[in-house]
Amino acid sequence: MKLLNVLLGAVAASSALAAPAPDAPTPTTKEKRAGKFKFVGVNQSGAEFGKDTLPGQLGKHYTWPAKSSIDTLIGKGMNTFRIPIMMERLIPTKMTGTVNATYSQGLTDIVSYVTGKGAYAVIDPHNFGRYYEQIITDVDGFKAWWTTTAKIFSSNDKVIFDTNNEYHDMDDKLVFNLNQAAIDGIRDAGATSQLIFVEGNSWTGAWTWVSSGNGASLLNLSDPAGSDKLVYEMHQYLDSDGSGTSEACVSGTVGQERLREATAWLKASGKRGILGETAGGANAQCIAALTGMLAHMAENADVWMGWLWWGGGPWWGTYMYSM
Ligand SMILES: *[C@@H]1O[C@H](CO)[C@@H](O)[C@H](O)[C@H]1NC(C)=O
Ligand SMILES: *[C@@H]1O[C@H](CO)[C@@H](O)[C@H](O)[C@H]1NC(C)=O
Ligand SMILES: CC(=O)N[C@H]1CO[C@H](CO)[C@@H](O)[C@@H]1O
């Protein structure tokens with residue numbers, strides 16, 4: 001929580017660099033903390049845990065985010081909660097099947113809680129482009145999974161749909177097709193007002209967005225509900241291999257360095273991005289790296305819509321990045 005306070009303070013400071021318009025209303029403390037970003041928040045883990053045990057039992061293999069922690073984080077000025085789930089738990093037998101009532105009830109309950117507080121809930125199938133550990137090649141089945149899921153939330157415009165967490169080691173064209181199928185499936189469900197976050201191959205890394213080929217292969221995704229509703233979600237960790245497995249950050253400036261190419265791509269392509277996962281250890285070098293990265297994003301807030309910390313949730317224990 002100390003680290004969170006430092007970061008929220010840093011964002012407020014960096015966004016204060018730009019002088020407000022003379023007639024701008026006085027921002028509330030919460031607005032100051034969120035700075036220029038529309039979305040500031042935390043991944044709320046729990047419902048994707050225990051993925052080797054499917055469907056698994058509530059309270060034993062997986063859990064739902066704690067409402068009290070959501071309240072605390074909203075109080076700190078956060079307004080976005082990414083809720084990782086397992087595709088197999090929501091729709092178990094096949095992607096074209098029907099929902100499991102227990103899991104679906106748990107998901108709608110937490111989503112209603114978050115959005116009822118005026119915050120955004122990002123529904124994140126934390127599946128890495130896999131269903132029962134097999135790379136998803138049934139594009140129509142994936143579209144059906146999304147139509148069924150989006151129907152549940154079609155009238156809640158504080159919901160955001162994240163097509164899938166971190167596609168990797170897949171064909172670029174397949175990643176394009178899956179993202180496009182999700183977009184089409186969600187809009188077919190009548191969910192036409194919500195934003196959709198699309199993700200790239202190579203774990204959707206910002207630092208490799210261009211070099212991995214994501215920039216070229218995902219450029220032409222199209223949204224029948226309007227191109228302003230598509231947001232490119234990238235992830236960026238600041239340890240040496242960018243995997244988010246170490247408490248150390250490479251340098252105090254690695255944050256902005258790793259985002260620079262992605263920022264240029266967003267601008268050149270007329271797209272908007274969100275940093276859907278980021279984190280660093282609670283140490284001086286990481287704090288410098290994170291605040292530098294957030295300042296870079298605030299300077300480029302025309303293309304960066306916000307950032308989400310990894311991770312929150314009740315079961316992290318002493319996990320190094322836990323809030
Ligand atoms: C539904 O999910 C619950 C856990 O959330 C599980 O215990 C139950 O077996 C599942 N039912 C079916 C039919 O898969
Ligand atoms: C994207 O569209 C542009 C313009 O129509 C085209 O030149 C380019 O080849 C397309 N890219 C892909 C990967 O299809
Ligand atoms: C960096 C990090 O901790 N990533 C984790 C995010 O959560 C998923 C699922 O809970 C893990 O598989 C990742 O290792």
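Just follow the structure's listing: the first ligand is 1, and inside any ligand the first atom is 1. One is the number of the first residue; the rest follow in order along the sequence.
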Practice item. Please report which non-hydrogen protein atom sits nearest to atom 9 (O) of ligand 1, along with the residue it belongs to and the distance in Å to one decimal place. Key: Pro55 CG, 3.9 Å
Review point. What residue and atom, counting heavy atoms only, is the protein's closest point to atom 7 (O) of ligand 1, and at what distance?
Key: Gly56 O, 3.8 Å
Review point. What do you think, any protein heavy atom under 4.0 angstrom from atom 1 (C) of ligand 2?
Key: yes
Exercise for review: Give the ring-plane orientation class for His126 versus Phe128, where under 30° counts as parallel, over 60° as perpendicular and anything between as tilted.
Suggested key: perpendicular
Exercise for review: Heavy-atom contacts with Ala216 under 4.0 Å: which atoms of ligand 2 show up? List them by number with element.
Suggested key: 13 (C)
**Study point:** Tyr62 N/O to ligand 1 N/O under 3.5 Å
**Key:** yes
Review point. Between Gln194 and Phe153, is there a donor-acceptor pair closer than 3.5 Å when you use the side chain of the first and the backbone of the second?
Key: yes
Check your understanding: So is Asn220 polar-close to ligand 2, meaning N/O to N/O under 3.5 Å?
Key -> yes
**Study point:** NZ/NE/NH1/NH2 to OD/OE distance under 4.0 Å, Lys143 and Asp184
**Key:** no
Review point. So does Lys267 have more than 12 non-hydrogen atoms from other groups sitting under 6.0 Å from NZ?
Key: yes
Review point. Is any side-chain N of the basic residue among Asp138 and Lys94 closer than 4.0 Å to the acidic one's carboxylate O?
Key: no
Review point. What protein heavy atom is closest to atom 12 (C) of ligand 1, reported as residue, atom name and distance in Å?
Key: Asn100 ND2, 3.2 Å
Review point. Do NZ/NE/NH1/NH2 and the carboxylate oxygens of Glu277 and Arg82 come within less than 4.0 Å?
Key: yes
